[in-house]
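When a residue number appears, it is its place in the shown sequence, counting from 1. Note that ligands are numbered from 1 as they come in the structure, with each ligand's atoms numbered from 1 the same way.
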Amino acid sequence: MRRVYLDNNATTPVLPEVFEAMRPYFADNFGNASSIHHHGQETRAAVESARESVADLLGCRASEIIFTSGGTESDNLAIAGLVTAGDHIMTSTVEHHAVLHTCQHLAESGCEVTYVTVDGRGLVDPEAVRRALRPNTKLISIMMANNETGVLQPVDEIGRIAAEAGVIFHTDAVQAAGKVPTHVEKIGCRALSISGHKMHAPQGVGALYVKKGTRLQPLFYGGRHERSRRAGTENVPGIVALGKSAGLARVGLERGDAGKLADLRDRLEQGILAQVDEAYANGGGERRVPNTTNIRFDHIEGEALVIALDLKGLAVSTGAACSSGAIEPSHVLLAMGLPPEQARASVRFSLGKQTTEEDINFALSVVPEAVARLRAISPRYTKQIVNT
Ligand SMILES: Cc1ncc(COP(=O)(O)O)c(C=O)c1O
């Protein structure tokens, strides 16, 4: 059975070049990067070379990169590590739970938190950020690209407002890194999170940029790894892979790969919207990362469509979270003003570096039919009856 994977915002396959780069660090070059003997020196050099590569992608110094276990840890470290009780934090209603739940926890531990809302396009208004500033605002954390819609926030403007106010700006760039330029000086952020498995490195590795001179409280205590900012023996194969994927991402961006990916995504989106009536792109028409489209198919359950498409060989997803057996509509789409039933009718298609023209043709050949079939059995869909 043919299988096409269009769920790259959930995770991406490790690219063959990335896998080859990390392979020696499992068995041949297995040293602990803190050891002073040959084996340690070898892996230390590999870790530092990966740090340079990640720094190149982000346009910062290597010493400003901290390797972590992934996007969640990077977000936790950035937020919990930069504030103390009594500080005010500003974030948005469409952040990933790695940010939202960290802020929720800090609110219970004596911080004040403001959740800036978004408009129907999924955008934060930078002026709303300015208006929400307080004398004790320490940190603004607004994501660069949304994981469900791909919509890009006006981070440069928010960065300028934060700098003028003397507030630290952190951006979760987990879904942006490798897809659009992520230069920290241009964004004006003092902290930025990335994750390996969203950019064709493996799961379980990530990085946090923290600008030199920014005081950061570690989350873990132990050895003096990562300049005492993140204790724990480094995940050398993962770090090497992240370095390699960052290098490939930089070359790809310079080569204009993002434009090709956007063409494929647009062909998919336009093809679906042309073939399926009462289908709409959530956040469509906005500045988005080139690989993502989120489409609402009225009168059906997104979850049912995901299952129907999986049976046909196409992997996509909803932004919905399944908690205690009940499917909750995406908090992102609700924040954009969609009623729960429209949020539940939405499905995300996310492409990767490996996605081909044929993959898109395949998706276009199965989606309209699957939607039609679900609508035919949906009590909410009356169009056919009205028309006949
Ligand atoms: C925007 C965003 N932030 C953070 C994360 C968490 O990253 P990780 O899975 O590496 O912990 C994700 C993962 O889906 C994400 O999409």
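- The closest protein non-hydrogen atom to atom 10 (O) of ligand 1 is Ser195 OG, 2.6 Å.
- Closest to atom 1 (C) of ligand 1 among all protein heavy atoms lies Asp172 OD2, 3.5 Å.
- Residue contacts with ligand 1, taken as heavy atom pairs separated by less than 4.0 Å, involve Asp75 solely via side-chain atoms from C-beta onward.
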Worksheet entry | salt bridge (charged side-chain N to carboxylate O under 4.0 Å, His left out) evaluation trace for Glu341 with Arg344 | CA-CA 5 Å; Glu341 69 194 45; Arg344 267 198 290 265; over 6 Å; no
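- Between Asn9 and ligand 1, no N or O atom pair is found at a separation short of 3.5 Å.
- Figure legend: cation-pi geometry between Arg375 and Tyr381, with NZ or CZ positioned under 6.0 Å from the six-membered ring centre and within 45° of its axis.
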Practice prompt. Carefully, step by step, assess Glu48 and Arg44 under the rule salt bridge (charged side-chain N to carboxylate O under 4.0 Å, His left out).
Written response: CA-CA 6 Å; Glu48 296 315 317; Arg44 170 57 54 203; 2.7 Å; yes
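- For ligand 1, the atoms closer than 4.0 angstrom to any heavy atom of Asn147 are 1 (C), 16 (O).
- The protein heavy atom nearest to atom 16 (O) of ligand 1 is Gln175 NE2, 2.9 Å.
- Salt bridge Arg296/Glu278: absent, no basic N to carboxylate O contact under 4.0 Å.
- Sparse packing is recorded around CD1 of Ile36, with 12 or fewer heavy atoms of other residues, nucleotides or ligands lying under 6.0 Å away.
- When each atom of ligand 1 is checked for a heavy atom of Thr72 under 4.0 Å away, the hits are 6 (C), 7 (O), 8 (P), 11 (O).
- Taking only non-hydrogen atoms, the option from His96, His197, Met143 nearest to atom 5 (C) of ligand 1 is His96.
- Within the 4.5 Å cutoff, the side chain of Val180 has heavy atoms near those of the Leu152 side chain.
- Using a 4.5 Å cut-off on side-chain heavy atoms (C-beta onward), Gln270 and Leu273 make no contact.
- In this structure a side-chain-to-backbone donor-acceptor pair under 3.5 Å is missing from Thr292 to Ser350.
- The protein heavy-atom contact nearest to atom 14 (O) of ligand 1 is Lys198 NZ, 2.6 Å.
- Atoms of ligand 1 found under 4.0 Å from any heavy atom of Gly70 (numbered from 1 in listed order, with element): 10 (O).
- In terms of protein heavy-atom proximity, atom 7 (O) of ligand 1 is nearest to Gly71 CA, 3.4 Å.
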